[in-house]
K.L.:
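Submitted below is the structure of interest, expressed as structure tokens.
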Amino acid sequence: MGFRNTDLRRLPRPGAWMAVAAFAVAGLLAGCGGGGGGGGGGGGGFPGIAPPIGTNPPGSTDGEIVDSSTVEGLCAAPRTGINPATGSRFPDTAGSLGDEKKWVRSWIDETYLWYNEVPATLKAADYATPVAFFNVLKTPLTTNSGRAKDRFHFTYDTEVYRQLSQNGVSAGYGMEIAALRTTPPRNLRIAFVEPGSPAANAGLQRGAKILEIDGVDAVNATGTANANVINRGITPQTLNESHSFVFEVGGVRQPAVQLTSAEVTSTPVQNVKTIGDAGNRVGYLLFNDHILTAEPQLIAAVNKLNENGGIQDLVLDMRYNGGGSLNIASRLAYMIAGPGATAGKTFELLIYNDKNPFRQTVAQSLTPFYNTNRNNQPLPTLGLSRVTVLTSPDTCSASESVINSLRGVGVTVNLVGGTTCGKPYGFYPQDNCGTTYFAIQIKGVNQAGFGDYGDGFAPNPNCTVADDLTHQLGDPAEARLAAALALRSTGSCPAPAASSAKAVPGIGLEKTQEAAPDETQPALLNRSPLRENRLLERPPTAG
């Protein structure tokens with residue numbers, strides 16, 4: 001889960017989280033919740049909805065695909081006792097790994113958006129576990145740019161998923177690490193720090209560079225043993241795990257600091273402020289996670305921006321926001337645009353495969369611009385016709401829905417930073433036998449019917465701006481925010497500062513020409529797949 005010998009890479013997505021214990025996701029700052037968690041708690045499929053029975057795909061040599069409900073909950077190691085997500089007993093009964101693999105294959109055939117592109121030659125017997133089989137049951141096709149069409153297939157241990165999605169709590173230090181360079185000489189920096197976390201209490205801030213971990217040179221050390229030490233330090237596996245760090249701040253080596261892992265709760269909305277004088281004010285807010293706790297924080301942020309005459313423009317910083325609850329994305333978009341632009345309009349229409357596996361009508365598949373909170377209280381609004389979003393390759397899924405939906409109702413959305421991840425897709429997380437499976441089942445389109453952005457949304461012309469780790473987020477001098485303010489006042493982004501190295505639109509000010517060939521985009525490390533997805537509530541029961 002980290003260094004491969006001396007190289008640091010993003011964590012593998014498919015199934016990488018399955019076999020770990022609850023705190024083996026300890027490097028995650030916030031598990032991005034699912035707006036009700038549909039399916040993650042276990043206990044069967046969608047009540048009242050009987051998925052269609054699949055048929056043998058042409059050329060199949062691995063047996064008939066059955067109705068998944070006939071093998072659901074047949075487990076090699078059945079869970080016993082009470083499911084904490086439902087308060088009812090676990091639905092598991094004695095079965096086999098073969099039953100679990102049969103369920104996976106049938107469930108994919110029934111619900112996967114591209115079920116008819118899954119290679120028919122794949123055989124369950126060739127894979128040791130249901131998760132290993134699930135990992136290959138996806139389309140092999142690519143986007144226009146040549147990237148894998150499905151880069152988002154993954155699984156979670158169900159209890160780990162439940163805790164992350166419901167609470168936004170994980171074990172760690174509360175600092176998000178970005179890799180500017182993953183091979184020696186490595187360049188690992190703090191991207192941001194969670195308020196009240198061990199890292200914040202130690203006085204750590206964005207931009208600090210990691211020099212040493214537990215006595216090992218984090219910049220130049222080679223060899224598997226040293227890589228393992230660095231890995232363990234960055235991603236503690238248990239609570240109360242202590243590691244020593246040496247940071248460099250502003251080019252100056254700092255004294256060693258001891259960090260002890262703790263339960264860290266995400267603060268998804270931060271740095272809410274206004275810039276400029278009354279009548280010409282720009283609002284700014286950092287939004288990192290579409291988790292349930294974000295809703296009251298976003299409401300409070302909009303109320304704050306409306307004080308003292310309000311704002312005329314907004315810079316929404318979602319450079320690190322990988323996604324989460326689509327309902328929260330809808331409420332945010334409504335609060336930005338207001339009722340005039342959104343009344344009677346579609347935030348996102350969900351498109352399923354041609355089997356319509358969840359038996360949804362168009363009305364049931366439509367997410368409106370929600371104008372009330374989860375308790376049906378009216379939402380405040382900014383009523384803006386224009387917004388600037390700060391983006392990066394870590395801006396994904398539900399965050400992209402905000403961009404796409406606002407554009408769909410005529411709101412001008414300017415982008416400054418880097419091209420977004422390209423994920424107009426979503427899932428209904430589904431538990432079977434203690435594993436929660438996430439397979440793409442839905443494509444989202446906006447009011448104008450557009451949803452083809454598998455290669456991401458690119459910044460405005462000449463507004464590709466590298467992340468500026470020399471300034472704190474929300475500082476008007478920070479490169480992306482400064483470019484957004486210049487775009488508003490002059491109509492164009494400023495020319496990038498001259499540099500002898502190649503600037504890139506990912507994390508970090510620059511990446512040298514000598515960087516490893518696979519290091520095409522610096523990225524946040526050890527980020528949960530849940531933080532890069534559009535997660536949906538269970539669909540309404542048909543009829």
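Since the model is a prediction, treat every value here as computed from it, not as a measurement.
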K.L.:
Can you tell which of Phe438, Phe134, Phe133 makes a ring-ring contact (aromatic ring centres under 6.0 Å, His included) with His153?
P.N.:
Phe134
K.L.:
After noting the C-alpha distance and the side-chain angles of Arg206 and Asp467, does the key distance pass the salt bridge (Lys or Arg N to Asp or Glu O under 4.0 Å) rule?
P.N.:
CA-CA 11 Å; Arg206 169 178 167 85; Asp467 205 356; 2.7 Å; yes
K.L.:
Could you tell me whether a side-chain N or O of Ser197 sits under 3.5 Å from a main-chain N or O of Val264, the two making a donor and an acceptor?
P.N.:
no
K.L.:
Using a 6.0 Å distance limit plus a 45 degree cone around the ring axis, check whether Arg331 lies over the aromatic ring of Tyr370.
P.N.:
yes
K.L.:
Give a yes-or-no answer on whether the side chains of Asp313 and Tyr284 include a donor-acceptor pair shorter than 3.5 Å.
P.N.:
no
K.L.:
Checking Thr158 against Thr436: is there a side-chain donor and acceptor pair closer than 3.5 Å?
P.N.:
yes
K.L.:
Determine, step by step, whether Arg480 and Asp317 satisfy the salt bridge (Lys or Arg N to Asp or Glu O under 4.0 Å) criterion, reporting the C-alpha distance in whole Å, the side-chain angles of both residues, the deciding distance to 0.1 Å, and the verdict.
P.N.:
CA-CA 9 Å; Arg480 285 179 175 166; Asp317 194 341; over 6 Å; no
K.L.:
Testing Leu305, Val302, Asn271 for side chain to side chain contact (heavy atoms under 4.5 Å, CB included) with Leu285, which one passes?
P.N.:
Leu305
K.L.:
Please evaluate residues Ser266 and Ile291 with respect to the criterion side chain to side chain contact (heavy atoms under 4.5 Å, CB included), reporting the C-alpha separation (whole Å), side-chain torsions for both, the decisive distance (0.1 Å), and the verdict.
P.N.:
CA-CA 9 Å; Ser266 169; Ile291 57 176; 4.0 Å; yes
K.L.:
How long is the gap from CZ on Arg186 to OG1 on Thr222, to the nearest 0.5 Å?
P.N.:
8.0 Å
K.L.:
Given 3.5 Å as the limit, does a donor-acceptor pair link the side chain of Gln297 with the main chain of Thr267, or not?
P.N.:
no
K.L.:
Which heavy-atom pair separates Ile351 from Leu113 by the least distance, and what is that distance?
P.N.:
O-CD1, 3.7 Å
K.L.:
Treating Thr274 as the side-chain partner and Gly283 as the backbone partner, does any N or O pair qualify as donor plus acceptor under 3.5 Å?
P.N.:
no
K.L.:
Please check this pair: side chain of Arg319 against backbone of Gly418, looking for a donor-acceptor N/O pair closer than 3.5 Å.
P.N.:
no
K.L.:
Going by atom types alone, do Ser325 and Asn327 pair a side-chain donor with an acceptor below 3.5 Å?
P.N.:
no
K.L.:
Please confirm whether Arg407 makes a cation-pi placement over Phe457, using NZ or CZ under 6.0 Å from the six-membered ring centre and within 45° of the ring normal.
P.N.:
yes
K.L.:
Report yes or no: do Asp455 and Thr143 form a side-chain donor-acceptor pair below 3.5 Å?
P.N.:
yes
K.L.:
Would you say the side-chain atoms of Asn321 and Thr395 include a donor-acceptor pair closer than 3.5 Å?
P.N.:
no
K.L.:
Quick check against the 3.5 Å criterion: does Asn460 have a side-chain atom that pairs as donor or acceptor with the backbone of Cys463?
P.N.:
no
K.L.:
Would you say Arg151's side chain and Cys421's backbone share a donor-acceptor pair under 3.5 angstrom?
P.N.:
yes
K.L.:
Between Glu117 and Thr139, do the side chains contain a donor N or O and an acceptor N or O under 3.5 Å apart?
P.N.:
yes
K.L.:
Please answer whether the main-chain N or O of Leu481 pairs with a side-chain N or O of Glu478 as donor and acceptor at a distance below 3.5 Å.
P.N.:
yes
K.L.:
Hey, does the side chain of Arg147 reach the backbone of Gly454 with a donor-acceptor pair shorter than 3.5 angstrom?
P.N.:
yes
K.L.:
Between Glu348 and Ser405, do the side chains contain an N or O donor and an N or O acceptor separated by less than 3.5 Å?
P.N.:
no
K.L.:
Hey, what's the ring geometry for Phe154 with Tyr156, parallel, tilted or perpendicular (30° and 60° as the breaks)?
P.N.:
perpendicular
K.L.:
Treating Arg189 as the side-chain partner and Ala191 as the backbone partner, does any N or O pair qualify as donor plus acceptor under 3.5 Å?
P.N.:
no
K.L.:
Can you see whether Asp431 engages Tyr161 through a side-chain donor-acceptor pair at a distance of less than 3.5 angstrom?
P.N.:
no
K.L.:
For the residue pair Tyr428 and Tyr352, categorise the inter-ring angle as parallel (less than 30°), tilted (30 to 60°) or perpendicular (more than 60°).
P.N.:
parallel
K.L.:
Distance from Gln430 atom CD to Gln441 atom CD, nearest 0.5 Å?
P.N.:
8.0 Å
K.L.:
Using 0.5 Å steps for rounding, measure from the CE atom of Met318 to the CG atom of Leu332.
P.N.:
6.5 Å
K.L.:
Could you state the interatomic distance from OH (Tyr320) to CD (Glu176), rounded to the nearest 0.5 Å?
P.N.:
8.5 Å
K.L.:
Rounded to the nearest 0.5 Å, what separates atom CG in Leu406 from atom CZ in Phe347?
P.N.:
7.5 Å
K.L.:
Within a 6.0 Å radius of atom CG on Asn462, are there more than 12 heavy atoms belonging to other residues, nucleotides or ligands?
P.N.:
no
K.L.:
May I have the step-by-step check of side-chain hydrogen bond (donor to acceptor under 3.5 Å, both in side chains) for Tyr425 and Asp150, ending in yes or no?
P.N.:
CA-CA 9 Å; Tyr425 311 115; Asp150 186 353; over 6 Å; no
K.L.:
When rounded to the nearest 0.5 angstrom, what is the spacing between CG in Leu316 and CG in Leu415?
P.N.:
10.5 Å
K.L.:
Are the side chain of Gln270 and the backbone of Leu286 linked by a donor-acceptor contact shorter than 3.5 Å?
P.N.:
no
